[in-house]
Amino acid sequence: MSFSNGATNGAPEFIESKGDARSVPPMGMTGQGFQEAANSAITEIERYYSNLPSRPVLPSVSPGYLQQLLPSKPPVDGEEWQAIEKDMERTIMPGITHWQSPKFMAFFAASSTYPAILGEMWSAALTAPAFNWICSPAVTELETVVLDWLAQILGLPEVFLSKGEGGGVIQGSASEAIVTVMVAARERFVRRQLEREGVTDVEEIEDRSCELRGKLVALGSDQAHSSTKKASNIAGTRYRGINTVLSNAFALTGKQLRAKIEELEAKGLHPYYLTVSLGTTNTCAVDEFESIAEVAKDYPDIWIHCDAAYAGAALVLPEYQHLAKQMSFVDSFDMNMHKWLLTNFDASCLFVRKRRDLIDALSIAPAYLRNQYTESGLVTDYRDWQIPLGRRFRSLKIWFVIRTWGVKGLQEHIRHHIKLGELFAELVRSRSDIFSILTPPSFALTVLTVNAGGKQAQHNGAIKGDDPRPFEHQHVPIEPQANTSEVQEANTITKEVYTLIDQRAEFFLTASVVGEVYAIRVVSANPLAEEKYVREVFDVLVSTVEEVHAKRNRRETPQSVL
C-alpha cells in the first residue's frame with residue numbers, strides 16, 4: 001500500500017499498492033494530516049497560555065493518578081490524532097505544575113516563549129545526534145555563533161569567545177556543566193602534576209594518576225548548589241563545603257577559601273576544583289570574586305567555575321556587568337537561558353577559557369567517528385566538550401530568541417522582573433511589624449521570615465549551616481535547629497504560614513532553611529509575571545500571618561471557667 005496526502009482528519013488514506021503492507025504512514029500522518037494536527041496543537045498551546053492565570057498553579061492529584069486514567073496495556077492498533085489530542089487535557093494537565101503561571105514564584109523561573117517553542121519544533125523536525133561537524137554543519141556552526149553573541153551580550157571577558165582559545169557550548173543543565181568541567185579539572189590537575197614529576201612510563205602514569213585522584217578535593221560554599229557535591233561523587237573525588245555567615249550575606253570570601261585550602265593541604269589533600277556562585281540558590285548571594293581572585297593567584301592548579309545558572313541572566317544589564325568583568329579569573333562560567341532568559345529547557349550555556357582542557361579530558365576518537373573535517377582541525381566537534389556523545393539542535397531556539405527580542409528587549413525583560421522584586425521587597429518592608437528580610441533582596445528574589453511575637457527578628461550574624469537537602473526538595477517543610485528561643489519561635493510561625501499557603505495551592509512558593517533560619521523565598525520572574533500577582537501574593541502572606549497569629553492567641557488564651 002501507499003499513502004495519499006488527501007486525508008482530512010489526520011488518519012491515513014490508503015491507496016492500493018504492492019510491496020508496502022504498513023497500516024500507518026511512514027511519518028505517522030500524511031502531510032495534510034500533519035498540517036491539520038499541528039494547527040490544532042498550536043491553537044491549544046496558545047489557548048493554554050492565554051488562560052494560564054486561571055488554572056491552579058499546583059496539581060491536586062495523588063501519586064499514581066495517571067495509571068488509573070490510562071490503559072494498562074498499549075494499543076494494538078494505532079489511534080487517530082484527535083483522540084490522542086483530547087487526552088492531553090483529560091490525563092496530562094491534571095498532573096502539571098504550571099511553571100509559566102504568574103502565580104508560580106517558587107525555586108527559580110523556567111522560561112517558555114513562543115519563538116523558543118518554534119525553535120524546538122524545527123529542532124525536532126531536523127533531528128540529528130550532531131556529535132560532530134559533518135553530522136550537520138549548521139548545528140555546530142550556529143551554536144558557536146549564538147554563544148559568541150551571548151558572551152558579548154553578557155559582557156563576559158573576550159577569553160570566552162571562540163576566536164581565541166576559549167568558547168561556549170550548550171549543556172543540558174548547570175548541573176551537567178559542573179560535572180563536565182569538574183572532570184576536566186581533575187584531569188588537568190593530574191596531567192600537570194605528572195609533568196612536574198616527570199612521569200612518562202605508561203603504566204607509571206596510570207598508577208600515579210590513580211594515586212593523585214584519591215587525594216583530590218572539590219570545594220564549594222555551604223550555599224553552593226548541591227550539584228557540586230553530586231559532581232564530586234561522579235568524578236570520584238572528595239568534596240568539602242566551606243561555611244559562610246549571615247553577616248556577610250552568605251557570600252564566600254577569599255579568606256574563608258584560603259583557610260580551607262591550607263587546612264586540606266596540611267592533611268596531604270589537593271584541592272583541585274572550586275564552584276563560586278553568582279546568585280546562590282537559597283538567597284542569590286554573590287561570592288566575593290575580588291578576594292577569591294587574589295587567592296586563585298597562589299593556587300593556579302585549582303579550576304574555578306562560576307555557577308550563574310539563574311542570576312547570570314542579569315548580566316544583560318549594564319548595571320550588572322561589573323560582575324561579568326570580574327570573571328577574568330575563572331576557568332569556566334555557566335548560565336541557564338532556560339531559567340530567566342526566555343528560552344525553553346534545556347539551554348545551559350557553558351563558557352571555558354581554554355577549550356583544550358575539555359577536549360584533552362573528554363575526547364575519544366574511534367575509527368567510526370573519524371573524518372577528514374575533524375582530522376583537519378578546522379572544525380569544532382562538540383562531542384568533545386560534553387559528557388554525552390549525541391546532542392540536539394538547541395542553538396536554534398537561542399537564535400530565535402535573541403533575534404526576536406534583540407539586546408534591548410532582553411534588557412527590558414530582566415528590568416521588568418527586577419522592578420517586580422523591588423516592589424515586593426518594599427511591600428515586605430512596609431510590614432516590618434510582621435516580616436523580616438533575611439538577606440538583601442537581589443535578582444528579583446526576596447527571602448523573608450515571619451517575626452516572633454510581633455517584633456522584628458534579630459538573627460545572629462555568626463550562625464552557620466544550611467538546609468542539607470538538595471535545593472529541589474526544599475519546598476517540603478522540615479524542622480530547623482534554631483540557636484535561640486526567639487529564632488525558634490519565628491521558625492515555627494514561618495513554617496506554619498508557609499505550610500498553609502502551600503496546602504491551599506493558590507501560589508507556589510519555596511521554603512528553605514538558611515543559617516538555621518526557616519525562610520520563605522519569593523521570586524516572580526517568568527515571562528507572564530505581573531505586578532498584580534506580586535501584590536496578591538503579598539496580601540496572601542499578610543492574611544495568612546494574621547490567621548496563624550490568631551490561632552496561636554486562641555491556643556494560648558485560657559478558656560473562661562463556667
Side-chain angles (χ1 to χ4, degrees), residues 151 156-161 164-168 177-200 205 208-221 224 228 231-232 235-242 251-278 287-308 323-334 350-363 385:
L156 294 176
E158 285 196 0
V159 294
F160 294 110
L161 297 177
E165 295 182 282
I178 287 176
V179 173
T180 302
V181 297
M182 192 178 289
V183 170
R186 183 193 68 193
E187 295 309 295
R188 187 183 74 172
F189 184 97
V190 170
R191 185 173 61 253
R192 288 179 176 180
Q193 186 61 27
L194 291 174
E195 290 171 356
R196 283 190 288 262
E197 295 177 5
V199 181
T200 57
I205 286 175
R208 181 60 177 146
S209 295
C210 290
E211 290 175 3
L212 289 170
R213 292 189 188 110
K215 296 289 186 179
L216 297 182
V217 185
L219 301 174
S221 83
T228 297
S232 71
T237 64
R238 291 174 171 84
Y239 172 79
R240 293 291 185 272
I242 306 172
L252 177 66
T253 68
K255 182 179 179 181
Q256 293 164 336
L257 172 62
R258 188 181 294 277
K260 178 59 71 172
I261 293 173
E262 291 175 352
E263 171 194 326
L264 293 169
E265 288 190 332
K267 297 176 180 179
L269 301 175
H270 306 302
Y272 76 104
Y273 170 92
L274 168 70
T275 292
V276 296
S277 300
L278 197 167
D287 291 338
E288 286 189 4
F289 298 136
E290 290 185 359
S291 64
I292 293 171
E294 289 301 310
V295 177
K297 293 177 182 178
D298 297 332
Y299 300 95
D301 290 336
I302 297 179
W303 182 299
I304 300 179
H305 172 72
C306 181
D307 179 7
L323 295 171
K325 291 182 174 63
Q326 295 180 47
M327 292 297 103
S328 58
F329 79 98
V330 304
D331 295 278
S332 53
F333 173 94
D334 183 81
L350 171 65
F351 298 90
V352 293
R353 291 175 62 89
K354 293 187 177 181
R355 54 183 176 267
R356 188 77 248 169
D357 289 329
L358 290 182
I359 296 169
D360 286 344
L362 301 171
S363 178
W385 296 40

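All values below were derived from every heavy atom in this structure, side-chain atoms included, with hydrogens, water molecules and symmetry-related copies excluded.
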*G167 versus W385, closest heavy-atom pair with distance*: C-CZ3, 3.9 Å

*Mind telling me whether Y272 and F189 have parallel, tilted or perpendicular rings, with 30° and 60° as the class edges?*
perpendicular

*For the residue pair L274 and I292, establish whether any side-chain heavy-atom pair is separated by less than 4.5 Å.*
yes

*asked:* Counting neighbours of CD on E197 that are heavy atoms of other residues, nucleotides or ligands and sit closer than 6.0 Å, is the number greater than 12?
replied: yes

*Give the minimum heavy-atom separation between R240 and V217, together with the two atoms involved.*
CG-CG1, 3.6 Å

*Taking C-beta and beyond as the side chain, do Y273 and V181 meet within less than 4.5 Å on heavy atoms?*
yes

_Nearest 0.5 Å, please: how far is OG1 in T180 from CE in M182?_
10.5 Å

_I need the minimum non-hydrogen distance between L362 and V183, along with the two atoms involved._
CD2-CG1, 4.0 Å

*With D331, the salt bridge (charged side-chain N to carboxylate O under 4.0 Å, His left out) member among R355, K354, R356, R188*: R188

*For residues E187 and R213, determine if any side-chain heavy atom of one lies less than 4.5 Å from a side-chain heavy atom of the other.*
yes

*Quick one: does R258's side chain get under 4.5 Å of D298's, heavy atoms only?*
yes

*Could you grab the distance from atom NZ of K260 to atom CG of L252, nearest 0.5 Å is fine?*
11.0 Å

*Under 3.5 Å, side chain of R238 to main-chain N/O of G214, donor-acceptor pair present?*
yes

_Contact check, side chains of F289 and I304, non-hydrogen atoms, under 4.5 Å_ = no

*In terms of heavy-atom contacts, does CD of E290 have more than 12 from other residues, nucleotides or ligands at under 6.0 Å?*
no

_Distance, nearest 0.5 Å, that separates CG of L257 from CD1 of I302_ = 6.5 Å

*asked:* Please give me the minimum heavy-atom distance between A361 and A184, naming the atom from each residue.
replied: CB-CA, 3.7 Å

*How many angstroms lie between OG in S277 and NE2 in H305, if you round to the nearest 0.5 Å?*
9.0 Å

*At their closest point, which heavy atom of Y239 faces which heavy atom of S221, and how far apart are they?*
OH-O, 3.7 Å

*Look at K267 together with E263 and state whether they make a salt bridge at an N to O cut-off of under 4.0 Å.*
yes

*Considering all heavy atoms, the nearest G254-V295 contact*: O-CG2, 3.4 Å

_Donor-acceptor contact present, side-chain R208 to main-chain V199, <3.5 Å_ = no

*From C306 SG over to F329 CZ, what is the distance, rounded to the nearest 0.5 angstrom?*
7.0 Å

*Find out whether W303 and D357 are in side-chain contact, i.e. whether some heavy atom of one side chain is under 4.5 Å from a heavy atom of the other.*
yes

*Enter the distance from L219:CG to I242:CD1 here, rounded to the nearest 0.5 Å.*
5.0 Å

